[in-house]
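Lettering follows sequence order; numbering is per chain, from 1. All values below come from the heavy atoms of this structure, side chains included, with hydrogens, waters and symmetry mates left out.
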Amino acid sequence: MSVAPDHSPTMARLTLSERLSVYAPVLLIIAIIILGFLAIPSNSSWLTLTVSGLAMGMMIFIIASGMTLVFGLMDVINFGHGAFVSVGAFVGVSLILALQHLSGSPSLAMNLVALFIAIIGAMGATAVMGWAFEKVIVKPVYGHHLKQILVTMGGLIVVEQLIIVFWGPEEIYLMRPAALQGSITFLGAALEKYRLVAVAIGLIVFLGMRYVLRRTKIGLIVRAGVENGEMVEALGYRLRIVFIGVFLAGSALAGLGGVLWGLYQEVVTAHIGNDTMILVFIVVIIGGLGSVEGCFIGALMVGLLQNYVAFLEPKVALISNIGLMVAILMWRPMGMIPVVKAK
Amino acid sequence: MVDNILTLSGVKTNIAQYHILQGVDLEVPRGEVTMLLGRNGVGKTTTLRTIIGHWRAHEGSVMFDGEDITQMPTPAIARLGVGFVPEDMGIFSDLTVQENMTLAAVSGPIDSARLDWLFSVFPALGTFWAKDAGTLSGGQKQMLSIARAMVEERKLYLIDEPTKGLAPAIISTMARALRDLKNQGASILLVEQNFSVAKALGDSANVMEDGRMSWSGTMAQLAADLELQERLMGLSMESH
């Protein structure tokens, strides 16, 4: 701060590589897609894998976005985030099974209505659950990371056991709604319809979130709060209320992710949420804790890489994402889009 | 009796195990500029942070405009009409200048006449309106921070070292802005290390030492007495 201010225009001071580095995360996704294209011998397989990688990335993004904001805003690490995914999946799947006449009908419109009801039900349930989770489990441990990890993980275990109490210990198998089964052929590549729907929903969520964060006052408060919560309070906004809202929305999104993930796998277990958490953590970390854009880009990278590598070298698939995380953290230790922290 | 907008009586504030404020008494008369002076580390910033509620006084009371705000949460204090410009400026660097200002206008859209006035005081604001605040220079950030506090009329402004680390040309812009604000009848509690700025703006002066008020009087009195300055603040002749 004591350095004399530099008054020359920002752009003039930057070299080409510095200017490019702003777009580097986006360019990395394109690079991965191009590398995949070069490495995968058949173009139609490449297209199929790209779409499933994007679908997987979108679902991970939906789950991870709430977690990254919760961390950014209140410095809360929620290891129990997976619980909302599991509950969302079970509520959603139960609704789809209950709405057999809609989801089993060959009409796409009917199917979408069933899917919509399942999503709304799951999001409503997980939002209420998120509200209770925040009050009972998270609030008492503000500011204590170790306690947060322990107690939220404990919350996750309790919720998983409660799922077994209500739904039983067996896995639930289900069929996707009739019109969302199977695939369409595009340029010789088989594209699963459901994955296209998942990509569409993911894009809608991302654009919606971007709109709220960039164009509304609530969004301004959230973005400012991630950087400097104390100052937001000094302006007169009650950050705690905003945080509860974000936690609730993040839980609801995790519930939506749970429904999508459950339908994607066509089987749900109580551990479905916890199983996604490793990927979610990787995405949140490489994106930059607290950054929604970083989370989105990270999720797409993880989804694409996982699918490409699993096709080329199945044994390497498991470590490819960890490898990606190591590489990105060596390049940018705070994640791809680091969030400015005032403290 | 003098009409005080803010009165601190016997305020003690601890940060961790440190007793930073050890019984601060301070009066800020309405419509005046009250200077809070003293060496580094005597508790000036902690005093401001205690008033806005970032730190809690564990003893003593803070009365603002007839209300006891000692234990009030920060947002509630702010909404009573207290504008705060922290030492680190508290700029949201991920937000544009416009977004910083919009956020500061708590009660609704920014009043356009007021915005015009702010643009005339701080022309840089208009120039960089759509830019990310993080790309501004140090002086521009400081102007934004003060303009942000001024975007709506407040009863009291708490301003922490607005000229710290700034070039002389910018310091005079800053001083002019604060004088404008004062002429509009605002009450200001100002922490300032630059003595000539303090001398030009201040009505009354309060000097702190080791978490207490060691001297209070008029700014003119302090400015005229070099020996007093030397004793209270260790100011030497070069700082004039």
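Crowding of Y211(A) atom OH: a count of heavy atoms from other residues, nucleotides or ligands under 6.0 Å not exceeding 12. At most 12 non-hydrogen atoms from other residues, nucleotides or ligands lie less than 6.0 angstrom from NZ of K147(A). The number of heavy-atom neighbours closer than 6.0 Å to CD1 of I218(A), taken from other residues, nucleotides and ligands shown, is 12 or below. Sparse packing is recorded around CD of E153(B), with 12 or fewer heavy atoms of other residues, nucleotides or ligands lying under 6.0 Å away. Atom CH2 of W131(A) has 12 or fewer neighbouring heavy atoms from other residues, nucleotides or ligands inside a 6.0 Å radius. Surrounding CE of M334(A) are at most 12 heavy atoms belonging to other residues, nucleotides or ligands under 6.0 Å away.
A heavy-atom distance below 4.5 Å is found between the side chains of M231(A) and F92(B).
Of all the listed residues (R214(A), R238(A), E233(A)), the one sharing the greatest number of non-hydrogen pairs under 4.5 Å with chain B is E233(A).
Nearest heavy-atom pair, A78(B) versus A234(A), reported as atom, atom and distance to 0.1 Å: CB-O, 3.1 Å. Nearest heavy-atom pair across P75(B) and Y237(A) is CG-O, 3.4 Å. Between N228(A) and G90(B), the closest heavy-atom pair is ND2-CA, 3.7 Å.
Contacts of L95(B) with chain A are made by both backbone and side-chain atoms, with heavy-atom separations under 4.5 Å. Neither the backbone nor the side chain of R154(B) comes within less than 4.5 Å of any heavy atom of chain A.
For the pair E227(A) (side chain) and S93(B) (backbone), a donor-acceptor distance under 3.5 Å is present.
Note that the CG atom of L235(A) and the CD atom of E152(B) stand 10.0 Å from one another [nearest 0.5 Å].
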